[in-house]
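Notes for the one structure printed next.
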Amino acid sequence: MTAQVSIPHRVSVEENIVERLYMRLNEIDTTSRARHLVAYTPTNAEIDRLFERSRLEIGTVTTLHVIKRVISANPDTFHAFALRARHCVEDPQAEGFIAWLPLTTAGRQAMLDGTFSAADPAAEHVAGQHDAPAAIYIWGLYAPGRLAVGFAWAFQRWSTPLYRDADIYARAVTPSGRRFVHRVGFETASTQDGPVTSDLFVFRRNPLDERPVYDSHPNAAKQYTVTVVRNHDDLGKVMAIRSSVYLAEQVCPYDEEFDGNDFAATHLLGYVGGEPAASIRIRCFADFAKVERLAVRHQHRKSRLALVMIRAAKELCRMKGYTRIYGQAQKRLVNMWSRSGARPIPNAPEITFSDFDYVQMLLETDAHPEAVTLESDPFKIIRPEGQWHAEGILEKSSYRPATRPSVDHPTIRTDRPNRRTA
Ligand SMILES: CC(C)(COP(=O)(O)OP(=O)(O)OC[C@H]1O[C@@H](n2cnc3c(N)ncnc32)[C@H](O)[C@@H]1OP(=O)(O)O)[C@@H](O)C(=O)NCCC(=O)NCCS
């Protein structure tokens with residue numbers, strides 16, 4: 001038995017099957033895709049045969065004896081696959097299988113801290129057949145060719161009430177296995193200290209609910225959502241909101257509102273449903289971050305949105321390692337900022353600009369336990385701003401080998417003079 005997700009990578013036809021599963025596991029339409037598949041509990045003789053076949057083809061980390069011990073404790077851990085066209089109930093000939101371990105809380109913890117044994121799982125790490133597991137560990141997947149869709153079939157099983165809240169873990173050690181788990185929505189399993197190991201991946205259930213407040217848009221289940229501004233369209237929305245609030249309502253001169261700092265700042269954009277409704281700007285200095293330009297469109301005021309925006313800004317600053325967040329609050333709004341934990345800085349002078357009087361305030365907070373630091377995983381440091389919780393595009397590119405295209409296989413001739421400059 002192998003503990004790796006070993007989707008075949010030897011034959012191109014088989015790779016094509018994997019290509020077709022290029023969507024999150026929960027989005028795969030198994031009703032049409034799995035039509036040619038039969039999944040069932042195999043006989044003892046079939047388990048022996050499958051074990052031997054997969055041992056020879058993809059290796060194993062455990063023994064037949066351990067597999068049978070686990071199956072007898074929880075028969076739901078092993079399912080065989082066959083092609084429907086070749087399947088005969090009287091003489092079943094399984095051609096592939098999936099084996100999973102429903103982990104107890106202790107089992108999940110052991111897996112995350114590296115003490116879990118996939119070769120010989122401790123009895124207390126594997127949940128009983130009728131107990132909701134804390135996590136699902138894909139122990140082995142041998143699903144050559146068209147049987148690859150058996151993985152999506154298994155996901156259907158994991159969507160039943162018993163399993164549906166459990167995150168799914170898998171080890172993928174080969175490049176094609178890693179490509180496969182990425183395609184179907186797994187990400188590198190990490191704790192606040194960084195990746196557990198580079199080959200342990202997790203498919204999170206309800207990933208939308210787990211996103212931090214500053215990266216919560218879109219989410220149909222939430223009334224107010226927020227995103228970091230990442231493109232011109234988002235920045236256009238921020239400009240529109242601030243124009244309507246500051247230029248139109250507060251009669252702020254254009255050059256004072258758009259003060260030259262907008263391309264040197266992080267902006268958060270708040271939504272009510274699909275409608276851009278609020279914005280806030282963050283600028284970072286050596287030992288403090290400054291939060292400014294909070295604006296909520298007038299039709300969305302007297303709601304929780306202003307506080308959601310402040311909380312989002314605060315959390316983003318904490319993730320960047322800041323514990324001191326500075327603001328200059330319009331005097332009439334000191335109470336509102338105080339509700340978020342900011343306090344007027346003792347003895348700091350009040351200041352006046354753009355026709356309003358301001359109180360200097362400081363929000364002192366604790367360090368975020370998962371803040372990005374020099375000790376963080378290097379790939380976490382290069383994730384898109386505000387998406388430090390999810391695997392980034394550059395991590396995905398790291399599964400490609402370093403072929404150094406411009407050095408080893410140059411396609412652009414550099415030895416000829418450029419016509420325009422020649
Ligand atoms: C400031 C703002 C984001 C607050 O959002 P909101 O949805 O109005 O929030 P609330 O309804 O909770 O009001 C927050 C406080 O501001 C006060 N407030 C809001 N608009 C006000 C106004 N035009 N005049 C005086 N007070 C006002 C409210 O009375 C409330 O006071 P309290 O905290 O003492 O109860 C929003 O009013 C806004 O965008 N204003 C224009 C831009 C601005 O002034 N930004 C702040 C820069 S520091």
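Everything numeric in this text was worked out from a predicted model, so none of it was measured. Start at 1 and go down the list; that is how both ligands and their atoms are numbered.
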(request) May I ask you to decide whether Arg205 forms a salt bridge with Asp165, counting only side-chain N to carboxylate O separations under 4.0 Å? (result) no
(message) Geometry only, no angles: is Leu294 polar-contacting ligand 1 at N/O separations under 3.5 Å?
(response) yes
(request) Starting from atom 2 (C) of ligand 1, locate the nearest protein heavy atom and write down its residue, its atom name and how far away it is, to 0.1 Å. (result) Met336 SD, 4.4 Å
Would you tabulate the side-chain donor-acceptor contacts of residues 120-134 under 3.5 Å, counting partners in other chains and residues two or more places apart, or write 'none'?
unit_1	atom_1	unit_2	atom_2	d
Asp120	OD1	Arg69	NH2	2.5
Asp131	OD2	Gly128	N	3.4

(request) Look only at the side chain of Arg211 and the backbone of Pro218, and say whether a donor-acceptor pair between them is shorter than 3.5 Å. (result) yes
(request) Please say whether Val245 places an N or O atom under 3.5 Å from an N or O atom belonging to ligand 1. (result) no
(message) Looking at Asn231 and Asp234, would you say the former's side chain and the latter's main chain have a donor-acceptor pair under 3.5 Å?
(response) yes
(message) Any side-chain to backbone donor/acceptor pair from Trp388 onto Ala371? Under 3.5 Å, distance only.
(response) no
(message) Give me the residue, atom name and distance of the protein heavy atom closest to atom 36 (C) of ligand 1.
(response) Arg301 NE, 3.3 Å
(message) I want to know if ligand 1 touches Arg339 in the polar sense, i.e. an N/O pair below 3.5 angstrom.
(response) yes
(request) Starting from atom 17 (C) of ligand 1, find the nearest protein heavy-atom neighbour and note its residue, name and distance. (result) Leu333 CD2, 3.7 Å
(request) Please confirm whether Phe186 and Phe203 have ring centers closer than 6.0 angstrom. (result) yes
(message) Could you check whether Asp262 pairs with Arg293 (Lys NZ or Arg NE/NH1/NH2 to Asp/Glu carboxylate O, under 4.0 Å)?
(response) no
(request) Please verify whether a non-hydrogen atom of Met309 lies at under 4.0 Å from ligand 1. (result) no
(message) Could you identify the single nearest non-hydrogen protein atom to atom 48 (S) of ligand 1 and state the distance to 0.1 Å?
(response) Gln330 N, 3.5 Å
(request) Compute the minimum heavy-atom distance from Gln250 to ligand 1 and say whether it is under 4.0 Å. (result) yes
(request) Would you mind listing every side chain to side chain donor-acceptor pair (under 3.5 Å) that reaches into residues 245-256, with sequence neighbours excluded? (result) Glu249-Arg301, Gln250-Gln330, Glu256-Ser354
(message) Show the atoms of ligand 1 that are less than 4.0 angstrom away from any heavy atom in Asn335.
(response) 33 (O), 34 (O)
(request) Check each atom of ligand 1 against the heavy atoms of Ala295 and keep those under 4.0 Å away; list them by number with element. (result) 39 (O)
(message) With nothing but distance in play, are any N or O atoms of Arg332 less than 3.5 Å from an N or O of ligand 1?
(response) yes
(request) Before signing off on this row, confirm whether Lys302 and ligand 1 have an N or O atom pair separated by under 3.5 Å. (result) yes
(message) Students should be able to answer this: which protein heavy-atom is nearest to atom 39 (O) of ligand 1, and at what distance?
(response) Val296 N, 2.8 Å
(message) Taking Arg383 first and then Glu395, would you say they form a salt bridge - that is, a charged N and a carboxylate O separated by under 4.0 Å?
(response) yes
(message) Does any N or O of ligand 1 fall below 3.5 Å from an N or O anywhere on Gln328, backbone included?
(response) no
(message) Show the atoms of ligand 1 that are less than 4.0 angstrom away from any heavy atom in Ala306.
(response) 4 (C), 5 (O)
(message) With a 4.0 Å cut-off on heavy atoms, is Tyr358 in contact with ligand 1?
(response) no
(request) Using distance alone, determine whether Trp337 and ligand 1 share an N or O pair under 3.5 Å. (result) no
(request) Look at Glu364 together with Arg343 and state whether they make a salt bridge at an N to O cut-off of under 4.0 Å. (result) no
(message) Quick test of your reading of the model: are Glu370 and Lys380 salt-bridged, counting only N-O distances below 4.0 Å?
(response) no
